[in-house]
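Have a look at the structure below before the remarks.
Here the structure is a predicted model, which is why all the values come from computation and not from measurement. Throughout, protein chains are lettered first and strands after them, A, B, ... in sequence-line order, and every chain is numbered starting at 1.
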There are 2 protein chains.
Amino acid sequence: MSDEIYDMYASIFKALSHPTRIKIIELLATKGEMCVCNISENLKIDQPTVSKHLSILKNAGIIESKKEGLMVNYKIRMPCIVDFFRCANQVIQADINAKFALSLKKIEVMKEEK
Amino acid sequence: MSDEIYDMYASIFKALSHPTRIKIIELLATKGEMCVCNISENLKIDQPTVSKHLSILKNAGIIESKKEGLMVNYKIRMPCIVDFFRCANQVIQADINAKFALSLKKIEVMKEEK
DNA sequence: TTTTTATATGCTAATATAGGAATATAGTAA
DNA sequence: TTACTATATTCCTATATTAGCATATAAAAA
C-alpha cells in the first residue's frame, strides 16, 4: 500500500475522532437527513461550530450535502460507517467488562486482607 | 448515550487517526503477533516512536500486549477492527471514482471549448 | 432595493499531538 | 555484581486542533 492510501485511511478516522462528530453521525444515522439548524438545535451546539464539524466530515467523504433553498441538508454517504460503531462498541464493552472484573478482584483482595 | 461513551468512541477513532498506527494494525492483522523490535524493523521507524504509537493503540483497547522475556508481543484485541478498513476502503474508492469522473468531465469541457 | 434567515469562513487563544534525542526500566547473561 | 538487550518514558520544539466570536455569503421575503 502506498503512503497516500495510509493517509486517506488516517484522515477518515481523524474525521471521526471527536465526540461532537460522533454525535452528528449518530443523529444522521437515526434521522436519515438533517439541516444544519436542526443538528445545531438537537445537539445544543452553536451553528458555526456544527458547520465546521460538518465540513470536516464532508471533506473526509463520510457525509454529503444538498442545498435546498436557504437550508443545507446533510446525510451519511457511506452507510457501512454504522458498522464502525458496532465494532467500536465491542471494544468499549470489553473495556467496561475488564474494569468491572478488576474492581471485583480488588474487593476479593480487600476481603482476604481483613 | 452519555458524554463519556461518545468520548470513548472518539478515542478509538483518534487512536486510528495516524498513518503509522494504521500500518501497525495492518501488520498485526497480517502477521498475527509481533514484538516491538520486529514492528520497528518492518516499518523502518525508530523504536521509541513505535513504542509510543503502540501505547496509544493499547490505551484505546485496540491491541493488547504480552511480555515474554525481554520482548513484548503485541496483537490485535478486537478482530472486527479489520472491518473498519473494509468500510473505509469503500469511502476511499468512492472518492477516487468521483475524482476520476470529474477529470473526465473537465476533458469533455475542454473538447467543447476548442 | 433592504431585511431576514441559514450557513460558511476568518481570526485568536488554549490545548493536544508528533517526532527526535536522551534517559529510565526490566529482564537476561556473564 | 556488571554488561547487554528490548521497551518504555521524559523533555523539548514544531505543528495541528479546538471553541468562541465576529464577519461574510447566499437565498428568500418585504
- Distance-only donor-acceptor test (3.5 Å): side chain Gln47(A), base dA8(C): yes
- Side-chain N or O of His53(B) less than 4.0 angstrom from OP1 or OP2 on dA18(C)? no
- Item | Phosphate contact (dT17(D) OP1 or OP2) by Arg21(A) side-chain N/O below 4.0 Å | no
- Query: Are Phe84(B) and Phe85(A) an aromatic pair by the rule of ring centers under 6.0 Å?
  - Reply: no
- Message: Tell me the interatomic distance from Ile45(A), atom CD1, to dC21(D), atom P, rounded to whole angstroms.
- Response: 14 Å
- Rounded to the nearest Å, what distance is computed from the CE atom of residue Met71(A) to the P atom of nucleotide dA29(D)? 12 Å
- Message: With nearest nucleotide decided by heavy atoms, which residue, Ser51(A) or Leu70(A), maps closer to the 5′ end of DNA chain C?
- Response: Leu70(A)
- Electrostatic pair Lys23(A)-Asp3(B), nearest N-O below 4.0 angstrom: yes
- Query: Lys14(B) NZ to dA16(C) P: how many Å, rounded?
  - Reply: 9 Å
- Query: Regarding Tyr9(B) and Glu26(A), is there a side-chain donor-to-acceptor distance under 3.5 Å anywhere?
  - Reply: no
- Item | Pair Glu68(B) + Lys66(B): basic N to acidic O under 4.0 Å | yes
- Message: Without decimals, in angstroms, what is the distance between Ile24(B) CD1 and dT7(D) P?
- Response: 13 Å
- Looking for any heavy atom pair under 4.0 Å, which part of the strands does Ile56(B) touch: base, sugar-phosphate only, or nothing? sugar-phosphate
- Query: Hey, does Lys58(B) reach any base, or is it just sugar-phosphate, or nothing, if we go heavy atoms under 4.0 Å?
  - Reply: nothing
- Which part of the nucleic acid, if any, lies within contact of Thr49(B), taking any heavy atom under 4.0 Å across all strands shown: a base, the sugar-phosphate backbone alone, or nothing? sugar-phosphate
- Query: Roughly, in whole Å, what's the span from CD in Glu64(B) to P in dT7(D)?
  - Reply: 17 Å
- Query: Out of dA21(C), dT7(C), dT7(D), which nucleotide sits closest to the side chain of Cys37(B)?
  - Reply: dT7(D)
- Message: Please tell me if Tyr74(B) has a side-chain N or O lying less than 4.0 Å from either OP1 or OP2 of dA6(D).
- Response: no
- Message: Tell me the interatomic distance from Leu54(A), atom CG, to dA19(D), atom P, rounded to whole angstroms.
- Response: 12 Å
- Query: From dT18(D), dG19(C), dT17(C), pick the nucleotide closest to the side chain of His18(A)?
  - Reply: dT18(D)
- Query: Using a cut-off of 4.0 Å on non-hydrogen atoms, how would the nucleic acid contact of Lys52(B) be classed: base, sugar-phosphate, or nothing?
  - Reply: base
- To the nearest angstrom, the CD-P distance between Glu41(B) and dA6(D) comes to 10 Å
- Item | Closest to side chain of Lys67(B), choosing from dA26(C), dA8(C), dT7(D) | dA26(C)
- Item | Asp7(A) and Lys14(A) ion-paired at < 4.0 Å | no
- Task: Take atom CG of Asp46(A) and atom P of dG10(C), then tell me their distance rounded to the nearest Å.
- Result: 17 Å
